[in-house]
Amino acid sequence: MGKRDDLIAQYADDLKNKCGMEADMDLLTKVTIGCGPAIYNADASTVASSQESELETVKDNFLIKKLGLADGPELMEAIGKVVEIYGKSERNKYRAVVYYMLTKHFGKEAVYG
């Protein structure tokens with residue numbers, strides 16, 4: 001297994017044990033690949049959920065640009081909900097896991113078709 005496969009296994013483990021959901025491995029793999037080289041960078045691979053600017057970046061770059069959603073209060077509400085599910089006290093919220101849960105939340109799996 002390569003480094004990316006190891007990371008995907010880690011993300012699936014987080015989804016199962018920290019978020020209480022079974023991962024759709026095909027979708028999780030596609031979301032992870034969509035994150036690009038950021039998954040290999042310690043800082044970029046996680047979402048600093050306590051920083052408002054970081055949450056805005058997730059909203060603008062992922063929800064609006066990648067998933068094609070219209071801007072509105074429901075976007076930040078969804079990010080808040082995902083952070084809540086992952087666990088506010090959880091220090092390492094992996095970007096791929098957050099993006100995966102947001103993709104599922106909005107039913108946008110087809111973006112990764």
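- Across every non-hydrogen atom of T32 and A96, the tightest pair is OG1-CB, 3.8 Å.
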Intermediate values then yes/no, side-chain contact (heavy atoms from CB on, under 4.5 Å), Y112 and D26: CA-CA 10 Å; Y112 290 98; D26 188 45; over 6 Å; no
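- S49 and K93 make their closest contact through OG-NZ, 3.0 Å (heavy atoms, listed as atom of the first residue, atom of the second, distance).
- Closest non-hydrogen pair, K104 versus E109, comes out as CD-OE2, 3.2 Å.
- Atom CD1 of I39 sits about 13.0 Å away from atom OG1 of T46, to the nearest 0.5 Å.
- Between V47 and I79, every side-chain heavy-atom pair lies at or beyond the 4.5 Å cut-off.
- Using a cutoff of 4.0 Å between basic side-chain nitrogens and carboxylate oxygens, K81 and E84 are not scored as salt-bridged.
- In this structure the side chain of R95 reaches within 4.5 angstrom of the side chain of V58, judged on heavy atoms.
- Taking 4.5 Å as the limit, some side-chain heavy atom of L63 sits within range of a side-chain heavy atom of F106.
- Counting heavy atoms from C-beta outward, K16 and M21 have side chains that stay 4.5 Å or more apart.
- With hydrogens and angles left out, the side-chain atoms of D14 and Q10 include a donor and acceptor closer than 3.5 Å.
- Two different hydrophobic clusters hold V97 and I33 under the rule that ILVMFWY side chains link at heavy-atom gaps under 4.5 Å.
- Atom CG of D60 is separated from atom CG of D71 by 7.0 Å, given to the nearest 0.5 angstrom.
- In this structure, Y94 and Y11 have tilted ring planes: the angle between them lies in the 30° to 60° band.
- Checking Y100 against D24 by side-chain atom types alone, no donor-acceptor pair falls below 3.5 Å.
- Under the 4.5 Å side-chain criterion, counting only non-hydrogen atoms from C-beta, V111 is not in contact with K30.
- Side-chain contact between K88 and V83 is present, with at least one heavy-atom pair separated by less than 4.5 Å.
- The two residues A12 and L28 come nearest to each other via the heavy atoms N-CD2, 3.7 Å.
- At least one side-chain heavy atom of M76 sits under 4.5 Å from a side-chain heavy atom of E56.
- Across T29 and M25, no two heavy atoms sit closer than the pair OG1-O, 2.7 Å.
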